Each structure stands twice: as structure tokens, then as C-alpha cells.
Amino acid sequence: MSDQNRLGVFKTYKLYVGGKFPRSESGRVYEVTDSKGQWLANAPQSSRKDARDAVVAARKAFGGWSGATAYNRGQVLYRVAEMLEGRKDQFVREVAASEGLSKSKAAAVVDAAIDRWVWYAGWTDNIGQISGGANPVAGPFFNLSTPEPTGVVAVLAPRKSSLLGLVSVIAPVIATGNTAVVVASADAPLPALSLGEVLATSDVPGGVVNILSGVTAELAAPLAAHQDVNAIDLTGADPALAKELEIAAADNLKRVLRPGPVDADWAASPGTHRLTAFLETKTVWHPTGALGAAGSSY
């Protein structure tokens with residue numbers, strides 16, 4: 001059969017939850033179009049139950065991922081960059097279609113996303129040097145602060161930057177030992193759903209990153225109110241929705257990250273603010289062995 005008569009195989013996009021690729025339990029899908037309104041694919045429209053299932057998967061994975069060495073997490077993030085590099089052509093096509101970019105500009109975006117994974121891979125075993133250390137105290141004690149991951153983080157991905165912005169909000173969350181439930185951009189979810197396929201083949205344990213597509217507000221509300229979600233990143237929420245989610249998040253004192261000025265340009269140097277946003281500080285006091293002016297000791 002000649003290539004002219006061959007029908008192409010349309011890709012079936014699925015969610016990425018717990019290291020597997022389920023369809024939405026609701027059975028719903030919605031049409032994804034390009035910047036010109038032309039049909040690209042049908043994406044799963046996740047339900048509240050899908051969101052709850054993703055939280056369960058993220059919590060199950062948290063112990064192993066947070067307990068891994070920072071060096072090992074760095075190796076895994078670097079592996080993601082390797083695998084994304086190998087599938088660059090696919091992501092260039094998806095980013096170009098999703099964001100209305102030329103092939104050359106889309107290629108530059110994908111290159112930046114790959115470099116962003118490498119950037120955060122290098123920080124995994126260095127972030128403790130800037131967010132922890134020995135503290136001077138007026139007394140016969142050592143006082144040491146060390147950063148620890150917050151837990152399960154719900155991430156609302158940027159609405160416009162379908163890949164570079166997406167990577168910029170996921171990578172710092174998992175680099176520091178957290179696990180993530182990601183709500184992809186509703187208008188441009190295809191690069192996010194394809195990223196799940198990259199993560200599945202990149203040594204990232206199942207459940208560390210879970211990716212949902214659908215209506216942002218429908219998924220964000222149960223995540224913000226979920227008692228087993230420890231933090232939420234509101235990057236992809238509009239101001240009205242962000243306010244509602246902050247109120248819901250206050251019920252169990254979630255950490256809340258609102259987008260700042262640096263998030264307006266995802267191509268800019270990311271800095272470390274997203275790495276430290278979802279870290280807790282554990283402080284340990286330990287006697288030096290000498291007590292009081294008389295020099296008595298244990």
C-alpha cells in the first residue's frame with residue numbers, strides 16, 4: 001500500500017496517574033484545538049474522583065521519593081531530560097500546534113524545557129546549602145536547620161506555556177522530594193499528557209508525578225479542599241478562582257504559592273524561589289557538652 005493511501009494512526013491521549021495511563025473514570029473527553037481553532041485531539045476530561053485517585057497515588061509514592069537521596073533524585077531528573085531530548089521532534093510538533101508557534105520557535109521552547117530539567121537536577125543535592133545550615137545561638141548548643149519536603153503538592157500548570165511553563169512548575173516540586181498532582185492547561189494539555197509518557201520511561205517512580213487534564217476549576221476545587229494535600233501552586237488559576245482556592249486551602253493550613261512577576265517570562269532564569277516554596281525547615285538543638293560559666297559538662 002502506498003503512503004498516499006495510508007490512514008494515519010491517531011494518538012489516544014490518556015491521564016498519567018500512579019505510573020499508569022488510565023482514561024478518566026467519567027468516560028468524558030473534550031476537543032483540543034490549535035491556535036486557529038482546528039481540531040487536534042480528544043483529551044480526557046478528568047473528574048473529581050480522578051483528582052482524588054491522583055492524591056492517593058501521590059501520597060503512596062511520597063515516602064519512597066522523599067526518602068531517596070538527593071543525588072539519586074538528581075539522576076532521575078537528568079534522565080527525564082535525556083528522554084525528552086530523544087522525543088524532541090514530537091514535542092516540537094505539539095508545542096507548535098498548541099501555542100501557535102513556528103517550528104523554529106517551538107524547537108527553542110523544547111530545548112529550554114530540556115535545559116530546565118537539567119537545571120533542577122543540579123539543585124537537588126545543593127538546595128540544602130542555601131536553605132539550611134548552622135545557626136548562631138547564645139548558649140551552649142548547636143542549632144542546625146535542614147530543609148524537608150512538604151508532601152503532596154497540587155500544581156495548576158500555566159495556561160499559556162504548555163511545556164516550558166509546565167516543566168518549570170513540576171521540576172522544582174519533585175526535585176526537593178515532594179510528589180505532585182498536576183492539572184494541565186485546559187486549552188493546551190497535549191504536551192503535558194505526552195510528558196507523562198516521558199516520565200514513565202525516565203526512572204520516575206509511579207505516583208511521584210500525576211497529570212490530569214480537564215476543566216481547571218472543576219479539578220482545582222477538590223484538590224484545594226483535600227485534607228491530604230499539603231500545598232497548592234495557583235499558577236494556572238485566574239484571580240477569582242485563586243481567591244476561592246486560597247480560602248479552601250486554609251482549612252488544613254496548606255502552603256499556597258501564587259505566581260509572581262518572574263512567572264511572566266518562563267524563559268528567564270528560574271532562580272530558587274520555587275525550590276524553597278515547598279520546603280519545611282526542621283531545626284535541631286544539640287548541647288555542645290559544656291554548661292554554664294563554671295564549665296560543668298556532661
Side-chain angles (χ1 to χ4, degrees), residues 10-34 39-62 94 97-98 151-163 165-167 169-170 173-174 178-200 204-238 240-242 244-245 248-249 254 256-257:
F10 287 106
K11 180 173 180 177
T12 302
Y13 287 88
K14 298 182 181 179
L15 309 177
Y16 181 57
V17 177
K20 299 179 180 179
F21 297 94
R23 292 179 170 85
S24 171
E25 64 82 27
S26 67
R28 298 178 300 174
V29 297
Y30 70 100
E31 290 188 357
V32 178
T33 59
D34 63 14
W39 181 87
L40 290 174
N42 289 334
Q45 185 171 334
S46 305
S47 67
R48 289 171 174 258
K49 184 178 186 305
D50 291 319
R52 292 194 296 268
D53 289 344
V55 173
V56 171
R59 177 57 63 190
K60 184 177 180 181
F62 176 70
E94 291 183 341
S98 297
V152 175
V153 181
V155 179
L156 308 185
R159 287 174 288 176
K160 301 298 183 182
S161 185
S162 63
L163 182 64
L166 175 77
V167 170
V169 295
I170 294 177
V173 169
I174 66 172
N178 299 290
T179 55
V181 176
V182 182
V183 179
S185 165
D187 295 330
L190 304 189
L193 297 176
S194 291
L195 182 64
E197 298 171 4
V198 171
L199 297 174
V204 179
V208 170
V209 178
N210 305 275
I211 300 176
L212 307 173
S213 59
V215 181
T216 300
E218 181 180 347
L219 299 171
L223 290 173
H226 201 298
Q227 296 297 299
D228 206 24
V229 173
N230 303 104
I232 186 168
D233 180 349
L234 301 178
T235 297
D238 60 48
L241 176 60
E244 295 176 9
L245 298 178
K254 287 180 179 65
V256 176
L257 178 65

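FYI, side chains are in, hydrogens and waters are out, and symmetry mates aren't considered; it's all heavy atoms of this structure. Here the structure is a predicted model, which means the values were calculated and not measured.
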With sequence neighbours excluded, residues passing side chain to side chain contact (heavy atoms under 4.5 Å, CB included) with Val204: Val76, Val80, Leu199, Ser202, Val208
Thr235 side chain to Pro158 backbone, donor-acceptor under 3.5 Å: no
Separation of Ser162 OG from Lys160 NZ (nearest 0.5 Å): 11.0 Å
Set of residues satisfying side chain to side chain contact (heavy atoms under 4.5 Å, CB included) with respect to Ala224, sequence neighbours excluded: Ile232, Leu245, Ala248
CD on Glu244 to CG on Leu234, rounded to 0.5 Å: 11.5 Å
With Asn230 via side chain to side chain donor-acceptor pair (under 3.5 Å) - residues at least two apart: Arg59
Heavy-atom closest pair, residues Thr179 and Gly207: CB-O, 4.0 Å
Residue pairs passing the side chain to side chain donor-acceptor pair (under 3.5 Å) test where at least one lies in residues 184-194, sequence neighbours excluded: Lys11-Ser194, Gln90-Ser194, Glu94-Ser194
Any donor-acceptor N/O pair, Tyr30 side chain to Val215 backbone, under 3.5 Å: no
Set of residues satisfying side chain to side chain contact (heavy atoms under 4.5 Å, CB included) with respect to Ala217, sequence neighbours excluded: Leu241
Pairs where residues 39-51 contributes a residue and the test salt bridge (charged side-chain N to carboxylate O under 4.0 Å, His left out) is met, not counting sequence neighbours: Lys49-Asp53
Any residue meeting side chain to side chain contact (heavy atoms under 4.5 Å, CB included) with Ala54, in chain and number order, not counting sequence neighbours: Val17, Val181, Asn210, Leu212
Smallest separation among heavy atoms of Ala180 and Val173, with atom names: CB-CG1, 4.0 Å
Ring pair (Phe, Tyr, Trp, His ring centres under 6.0 Å) partners for Phe62, two or more places apart: none
Side chain to side chain donor-acceptor pair (under 3.5 Å) partners of Asp34, counting only residues at least two apart: none
Value rounded to 0.5 Å, distance of CG in Leu223 from OG1 in Thr216: 10.5 Å
Check: His226 main-chain N/O paired with Lys254 side-chain donor or acceptor under 3.5 Å: yes
Within-4.5 Å side-chain heavy-atom neighbours: Leu166 and Ser161: no
Spacing of Lys14 atom NZ and Lys20 atom NZ [to the nearest 0.5 Å]: 12.5 Å
Sequence-distant partners of Tyr13, ring pair (Phe, Tyr, Trp, His ring centres under 6.0 Å), two or more places apart: none
Side chain to side chain donor-acceptor pair (under 3.5 Å) partners for Glu31, two or more places apart: none
Nearest non-hydrogen partners of Ala157 and Val169, listed with the distance: CA-CG2, 4.4 Å
Nearest atoms (heavy-atom pairs only) where Ser46 meets Ser24: CA-OG, 3.7 Å
Contact summary for Ile211 and Ala192, nearest pair of heavy atoms: CD1-O, 3.3 Å
Residues in side chain to side chain donor-acceptor pair (under 3.5 Å) contact with Arg28, at least two apart in sequence or another chain: Ser26, Glu218
Heavy-atom pair of closest approach, residues Thr12 and Arg23: CG2-NH2, 3.9 Å
Separation between CG of Leu190 and CG of Asn42, rounded to the nearest 0.5 Å: 10.0 Å
